[in-house]
Every structure is written in C-alpha cells, then in structure tokens.
Amino acid sequence: MFEQEYIREKKIKEIKLLGIDPYPSKTIKINYSIKKILKNKKKIIKNNKILYLSGRIFNIRNMGRSTFVDIKDYSEKKIQLYYNLNKLNKKYRYNKFYIFLFKKYLDIGDIIWIKGNLFITKVKEYTILIKKIILLSKCLYPIPNVKKKDKKIYYKFKDQEKRYRMRYLDLIVNEKSKKNFIIRSLIINYIRKFLNKFNYIEVDTPILQNIPGGAYAKPFITYHNKFKKKLYLRISNELYLKKLIVGGFKGVYEFSKNFRNESIDKIHNPEFTILECYVPYKNYVWMMNFLQKLLIYICKKTFNKTKIKINNINIDFKKKIKRIKLFNLINKYSKLNINKNTSINTLRKICKKLNINVDKKEKIIDNIFNIYCKNKIKNPVFIIDYPIYMSPLAKSKSNNYKITERFELYINSIEIANAYTELNDPIEQYKRLKKQNKKIDKDFIKSLKIGMPPTVGIGIGIDRLIALLTNNLNIQEVILFPQMK
RNA sequence: GACUUGGUAGCUCAGCUGGUAGAGCAUUACACUUUUAAUGUAAGGGUCCUGGGUCCGAAUCCCAGCCAGGUCACCA
C-alpha cells in the first residue's frame with residue numbers, strides 16, 4: 001500500500017467515527033441525469049427545481065469557504081457543483097462532516113449523491129448549489145488525474161498495459177475508451193436488428209465440441225470428468241449452423257465466441273467474436289450485396305453517415321465495393337503470373353525465391369498474397385474466385401470445378417469477412433475433408449446426406465469490424481478485457 | 001517463435017559520456033467566498049521491472065530473465 005491509499009484509509013476511519021457509513025446500502029432518489037440537467041437547464045432554473053443526482057467526483061477546487069467540484073455520471077456528462085457552508089440548510093452548518101467535507105473527507109474518485117438547485121455563476125457556468133450530500137462510495141485508490149482545457153487533455157492515463165489490465169479505471173478516466181464500447185454495443189444491436197428484419201433466427205450452438213471443426217486452427221483443450229473424454233472449445237460454429245439449415249430454418253445467425261490457441265497481435269485475441277450467418281436458397285453473389293447493405297445500415301444507424309475516415313483513408317460504404325479475382329490481384333501486384341493451374345513445383349520455386357517456408361499449395365498462395373497484396377488493399381474489396389484447395393467447405397463454380405464461389409472482404413488491409421456458397425454435396429464434402437487428413441465430423445456429413453438446400457454462409461469478424469469503424473488499429477481497444485499474460 | 005522499442009513517484013514524463021533521484025498534476029498543511037488545467041507558500045512520497053556481472057561507485061554499461069508495445073512468422 002502506498003502513501004495515498006494509506007491516507008484515504010485513515011479518512012475512512014475518521015468518517016466512521018462521525019457515524020457515517022462510507023459504503024451505505026441505499027436506494028437513492030435520482031430525478032435527473034447530468035445530461036438531462038444540461039439539456040433542460042433554463043427550465044430548471046426558471047422553475048427552481050430541486051435536483052437529486054449522483055456521480056463521481058473528478059475535480060475539487062477549494063477556495064477558502066467555498067468549493068467547486070466537478071462530477072460526472074452515467075450519462076457521461078460533467079457538471080460543476082458549488083459548495084458553501086453558509087448556503088447549506090441550517091441543520092448541516094455545524095455538522096463536522098459538512099464543515100470539513102471537501103477539505104478532509106471527500107476526494108477525487110468518490111461517488112456522492114447530492115440534493116441541490118441549479119444556478120449560474122459569475123462566469124456563466126451552470127452550477128448546482130449543494131444543499132445536502134451523501135457519500136455513496138469512498139474511493140481508496142487514487143484515480144489518474146486527467147485535466148482538460150479547450151478540449152485538450154493533459155495528464156492522460158495512457159499506459160496500454162495498465163489500461164487493459166485495469167479496464168475499469170480506463171473506462172472512468174478515458175472518455176474515448178468508454179465511447180468505443182458504447183459503439184460496440186450499438187453496432188452489435190444494429191446487426192441483430194438488421195438480421196431480425198429478415199426473420200433469421202438467432203441461435204446458440206455448443207461451445208464445447210467433440211471435434212473442433214469448421215476451420216483450421218489450434219484449439220483449447222479441456223476435459224469432461226464424467227464422460228472421461230477430451231472436449232474442445234470451438235474454433236468455429238460453422239458446421240453446427242449448417243446442420244440447422246438442414247433442419248429447415250429460414251436463416252440462422254449466431255454471435256459466436258470462438259477460441260483459438262494461437263498468438264496474440266493487433267487483430268488476434270485468443271477469444272474473439274464472429275458473427276456467422278447462414279441463409280438457404282441464396283449464393284455468394286447475393287451475400288456480397290447483402291453484406292454491403294448491412295454495412296450501410298450499421299453506419300447510418302450508428303454514425304448517421306456512410307462516409308467514415310479509417311486510418312486516414314476516407315471510405316464510403318455506399319460506393320459499390322469492387323470485386324477482384326484473387327489471382328488477378330496477385331498478378332497485378334507481384335507480376336508472378338500464376339493461376340489456379342500453376343503447378344506445385346512452380347510454386348515451390350517461387351517460395352524459395354521469396355524465402356517462404358511452407359509446402360502446402362493453399363499456404364503458399366496465402367503467403368504470396370500477404371507479401372504482395374495485403375498491405376496495398378486499403379479501400380473495401382471483395383476478393384473472389386478462391387481456388388478449391390484453399391476452400392474445403394465451399395462449393396465449386398458450376399462452370400469451373402477448380403474455383404469456388406467464395407469471397408473475402410478486405411478493408412484497410414484486414415480480413416473482415418469470409419463467405420461462400422456452402423458445399424452441400426455430401427460425397428464431395430467427405431472427399432475434400434478426407435484430403436485434409438483431419439478428424440472428420442461424421443455427423444456433419446450425415447446431415448448433408450439428409451439434404452441441405454443451396455445455402456450461403458458468412459463469418460464477420462466483429463472485433464475487427466468494430467475496431468475498424470471506431471478507427472482503432474488494435475482490437476484490444478474494443479475488447480473489454482483482452483487476454484494478457 | 002524471431003527481431004525491435006520500452007519498464008523511473010498514484011498518473012504523464014525528464015534524467016547527457018557512470019558520481020547522493022527530478023518536474024508537472026495528484027497527495028498533505030496553510031492562505032483564499034465565483035473557480036473551472038483555479039492560484040500562492042511549504043511539506044511528504046521511489047525495491048529506478050527482477051537477478052547477476054563490471055567498477056571505488058550503476059537508473060545509466062554488460063549478461064540473463066519477467067511484462068508490455070510494434071514489425072514479422074503462425075492464425076486453411
């Protein structure tokens with residue numbers, strides 16, 4: 001415990017000696033949020049309304065007998081309080097607690113309730129004259145002091161590690177941080193609203209899975225004692241949602257927490273949120289349009305506009321998103337001149353030149369794409385025409401077996417969404433999974449045998465999308481408690 | 001996993017080629033009855049991330065480790 005903590009604990013003891021509970025159990029009366037007060041300030045003054053409100057103290061300015069205090073409440077607005085012993089109700093004027101209120105007992109960070117009237121100070125600041133005050137919660141750990149003048153912020157709390165580990169402090173002190181999470185909530189709600197308009201139903205599928213399928217990633221492994229068997233935290237919910245389409249829903253979606261036992265960086269957290277949505281009787285072309293409509297809807301509802309500045313690039317989601325074939329993109333930037341038929345030997349030669357250490361065809365292409373193209377894609381692009389060996393769960397084009405009906409949406413060099421017309425031929429699906437040399441979810445194949453209508457499915461990286469739309473370069477800024485060692 | 005930058009007071013940071021640890025805000029005390037980054041005066045507050053090494057002497061140089069940021073790899 002350090003000096004300031006010790007001092008505050010001492011204050012608590014003194015407060016208790018005065019018969020005041022520093023953590024009272026109270027249902028308190030609140031008739032105005034600060035936001036509401038500021039909105040109706042003229043009316044409130046005119047009618048001399050009595051205000052009951054509570055909030056956290058952010059600044060105390062002692063001026064001899066009078067004191068100015070700034071508090072902020074859940075409405076994220078600040079208001080100034082004015083405290084003067086002589087202006088209190090008579091019964092409080094000789095009360096020791098009130099006499100030393102802001103000189104001794106109350107600190108920055110404390111949560112208080114007050115009763116008072118609104119007035120205007122000499123410098124024309126709307127201020128509440130304190131009539132009565134109750135301490136609701138004493139703050140024992142000094143909160144970082146942030147000061148503002150002319151919208152400039154001084155003395156920030158900005159150590160990233162501390163902000164993530166003590167997110168509660170970050171939320172109290174950094175307005176921008178809290179705003180990110182409010183926007184996150186809004187966006188998720190608007191996505192839900194949009195999908196519900198089409199009567200797609202929101203579902204929950206198992207997080208604990210017998211076989212971690214639907215993607216290729218290292219899973220977290222756990223164990224069921226009674227069954228005496230290993231279970232896996234899902235890396236994807238894809239196969240389950242397809243089973244539900246087999247079951248006959250008009251469309252299903254899930255905000256899926258997925259878990260991947262891999263490293264952490266700006267766009268990866270071990271647990272992350274993917275919106276998976278599956279719609280029968282549609283294909284990937286339909287989905288491209290659907291996704292763009294969704295993006296426009298989100299932006300309009302959340303930001304009231306479709307033009308957004310992201311990482312210094314102006315993006316207008318209303319503009320039709322370009323569709324570019326994967327190999328065209330690669331050849332445009334790399335001049336390698338490869339295509340779906342390029343032999344593995346040729347690809348290996350390229351690898352040697354580029355110092356790429358992978359052997360599988362799909363990984364080679366992915367690496368080449370990352371090296372030459374990824375950083376160049378800033379504006380939204382649908383990358384289409386992925387080769388079959390990169391897409392084991394996607395349906396081939398009817399006129400070209402080697403190319404699948406798949407697209408990925410890239411914005412600001414980040415993969416935001418991945419979608420394809422689902423492969424619903426059980427025999428073909430089994431063949432492709434077999435090639436992967438992985439344990440096959442036979443129940444998934446069985447469901448396909450029963451018959452899945454032609455279906456399109458999409459996965460949208462929610463954390464990434466929200467980071468993007470809030471102009472954050474790191475998803476940790478939009479994950480409340482990012483994983484840390 | 002590789003490379004790289006950083007870790008000093010509650011917060012934000014300074015600390016040069018090694019010589020007793022600094023500032024602003026915050027805290028404490030005093031003054032001040034309309035301030036708003038309040039002001040003035042004074043005071044307290046440090047395992048300089050941890051452990052070794054070099055040296056008469058290390059926050060500073062060297063080695064190892066821990067934690068974090070960034071870049072890359074892995075993430076079909």
Side-chain angles (χ1 to χ4, degrees), chain A residues 1-8 10-11 58-70 78-87 103-104 107-109 119-127 129 139-166 169 173-174 214-219 235-236 258 260-270 272 355-358 360-367 370-371 375 386-394 406 408 415 418 432-433 435-436 438 461 473-474 476 482 484-485:
Chain A
M1 190 164 61
F2 50 91
E3 188 202 15
Q4 292 192 41
E5 264 186 290
Y6 174 75
I7 289 168
R8 292 201 183 188
K10 231 173 97 184
K11 284 185 183 180
F58 275 80
N59 196 7
I60 299 174
R61 292 179 294 280
N62 251 311
M63 310 257 327
R65 292 226 177 120
S66 43
T67 303
F68 292 91
V69 181
D70 296 332
K78 270 187 187 173
I79 197 160
Q80 177 173 265
L81 311 177
Y82 177 69
Y83 175 80
N84 190 319
L85 203 59
N86 298 334
K87 303 218 162 129
K103 282 187 176 167
K104 259 190 181 175
D107 291 292
I108 291 172
F119 73 102
I120 306 173
T121 63
K122 276 183 196 165
V123 278
K124 289 185 181 155
E125 170 98 7
Y126 282 85
T127 300
L129 177 67
C139 171
L140 287 181
Y141 189 98
I143 62 173
N145 55 308
V146 175
K147 300 212 167 185
K148 247 181 167 181
K149 192 188 183 180
D150 304 330
K151 288 190 177 170
K152 254 192 170 176
I153 298 170
Y154 300 79
Y155 312 116
K156 281 185 199 173
F157 176 51
K158 60 179 180 185
D159 183 302
Q160 283 187 60
E161 185 180 356
K162 280 176 191 156
R163 283 179 49 231
Y164 299 153
R165 287 191 197 276
M166 298 194 277
L169 255 190
V173 159
N174 294 320
Y216 200 89
K218 283 172 209 126
I235 54 174
S236 162
N258 293 349
R260 296 187 184 177
N261 207 338
E262 274 143 13
S263 61
I264 298 173
D265 63 30
K266 286 203 288 192
I267 53 169
H268 293 93
N269 194 55
F272 60 103
N355 225 354
I356 300 173
N357 259 334
V358 289
K360 283 183 184 164
K361 234 177 170 181
E362 62 265 31
K363 293 213 173 179
I364 295 172
I365 301 293
D366 208 43
N367 267 282
N370 285 344
I371 290 171
N375 292 329
Y386 282 78
I388 188 166
Y389 51 80
M390 289 179 87
S391 322
L393 298 165
R406 174 183 175 191
E408 285 195 357
E415 180 197 337
N418 180 14
R432 291 218 215 148
L433 290 179
K435 252 191 189 167
Q436 281 198 326
K438 259 183 68 194
L473 299 178
N474 192 329
Q476 289 177 111
M484 292 201 133
K485 210 166 178 178

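Both backbone and side-chain heavy atoms feed into the values below; hydrogens, waters and symmetry mates do not.
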Atom P, compared across B/U60 and B/U8: separation rounded to whole Å: 14 Å

Sugar-phosphate only, base, or nothing, as touched by A/K158 at under 4.0 Å among non-hydrogen atoms: sugar-phosphate

Sugar-phosphate only, base, or nothing, as touched by A/D70 at under 4.0 Å among non-hydrogen atoms: nothing

A/R432 side-chain N/O to A/A394 backbone N/O, donor-acceptor pair under 3.5 Å: yes

Mutual orientation of the aromatic rings belonging to A/Y82 and A/F68 [parallel < 30°, tilted 30-60°, perpendicular > 60°]: tilted

Side chain of A/T121 (C-beta onward), nearest among B/A26, B/U35, B/U12: B/U35

Phosphate contact (B/G69 OP1 or OP2) by A/Q476 side-chain N/O below 4.0 Å: yes

A/Y154 over B/A37, stacked by centroid distance under 5.5 Å, angle under 30°: yes

Touch class at under 4.0 angstrom, heavy-atom based, for A/F68 against every strand present: base

Sugar-phosphate only, base, or nothing, as touched by A/K152 at under 4.0 Å among non-hydrogen atoms: nothing

A/R163 side chain to A/Q476 side chain, donor-acceptor N/O pair below 3.5 angstrom: no

For B/A29, the Watson-Crick or wobble partner whose two distances fall under 3.5 Å: B/U41

Whole-Å gap separating C1' (B/A73) and CD1 (A/I371): 11 Å

Residue A/R165, side-chain heavy atoms: nucleotide from B/G69, B/C67, B/U34 that is nearest: B/C67

Interatomic distance at C1', B/C32 relative to B/U36, whole Å: 16 Å

Side-chain N or O of A/K149 closer than 4.0 Å to phosphate OP1/OP2 of B/U36: no

A/E362 side chain to A/S391 backbone, donor-acceptor under 3.5 Å: no

Sugar-phosphate, base or nothing in reach of A/M390, heavy atoms under 4.0 Å: sugar-phosphate

Pairwise C1' distance for B/U39 and B/U71, with rounding to whole Å: 48 Å

Distance below 4.0 Å between A/N474 side-chain N/O and B/G70 OP1 or OP2: yes

Side-chain donor/acceptor of A/N174 to backbone N/O of A/K158, under 3.5 Å: no

Touch class at under 4.0 angstrom, heavy-atom based, for A/N59 against every strand present: sugar-phosphate

Interatomic distance, A/R61 CZ vs B/U35 C1' [rounded to whole Å]: 6 Å

Touch class at under 4.0 angstrom, heavy-atom based, for A/K147 against every strand present: sugar-phosphate

Earlier contact from the 5' end, RNA chain B, for A/Q160 and A/L393: A/Q160

More than 12 heavy atoms from other groups under 6.0 Å of CZ on A/R65: no

Where A/A215 and A/S236 come nearest, the two heavy atoms and their spacing: CB-CB, 4.0 Å

Rounded interatomic separation in angstrom, taking NZ from A/K162 and P from B/A68: 14 Å

Assigned partner base of B/C61, Watson-Crick or wobble definition, under 3.5 Å: B/G53

Touch class at under 4.0 angstrom, heavy-atom based, for A/R432 against every strand present: nothing

Atom C1', compared across B/C49 and B/G6: separation rounded to whole Å: 11 Å

Sugar-phosphate, base or nothing in reach of A/G109, heavy atoms under 4.0 Å: nothing

Options B/A26, B/G45, B/G10, nucleotide nearest the side-chain atoms of A/E3: B/G45

Sugar-phosphate, base or nothing in reach of A/R260, heavy atoms under 4.0 Å: sugar-phosphate

Main-chain N/O of A/N86 paired to A/N84 side chain as donor or acceptor, under 3.5 Å: yes

Watson-Crick or G-U counterpart of B/G1, or none if no pair lies under 3.5 Å: B/C72

Residue mapping more 5' on RNA chain B - nearest nucleotide basis, A/Q80 or A/N145: A/N145

Spacing of A/Y6 atom OH relative to B/G46 atom P, expressed in whole Å: 14 Å

Side chain A/S66 and base B/U35 donor-acceptor under 3.5 Å: no

Touch class at under 4.0 angstrom, heavy-atom based, for A/E415 against every strand present: nothing

Which nucleotide in B/A76, B/U28, B/U34 has an atom nearest any side-chain atom of A/K363: B/A76

Sugar-phosphate only, base, or nothing, as touched by A/D159 at under 4.0 Å among non-hydrogen atoms: sugar-phosphate

Gap between atoms CD1 and P, on A/I267 and B/U71 respectively (whole Å): 10 Å

Nearest-angstrom distance, P atom, B/A14 to B/A31: 38 Å

Under-3.5 Å donor-acceptor pair between A/D265 side chain and B/U71 base: no

C1' atoms of B/U12 and B/A2, separation to the nearest Å: 32 Å

Spacing of the P atoms in B/U5 and B/A23 (rounded, Å): 30 Å

Sugar-phosphate, base or nothing in reach of A/N367, heavy atoms under 4.0 Å: sugar-phosphate

Interatomic distance where CD belongs to A/E125 and P belongs to B/U36 [whole Å]: 11 Å

Watson-Crick or G-U wobble partner of B/G46, both distances under 3.5 Å: none

Polar side-chain atom of A/K104 near backbone of A/K11 as donor-acceptor pair, under 3.5 Å: no

Rounded distance in Å between the P positions of B/A59 and B/U20: 10 Å

Donor-acceptor pair (no angle test) under 3.5 Å: A/S391 side chain, B/A76 base: no

Sugar-phosphate, base or nothing in reach of A/K11, heavy atoms under 4.0 Å: sugar-phosphate

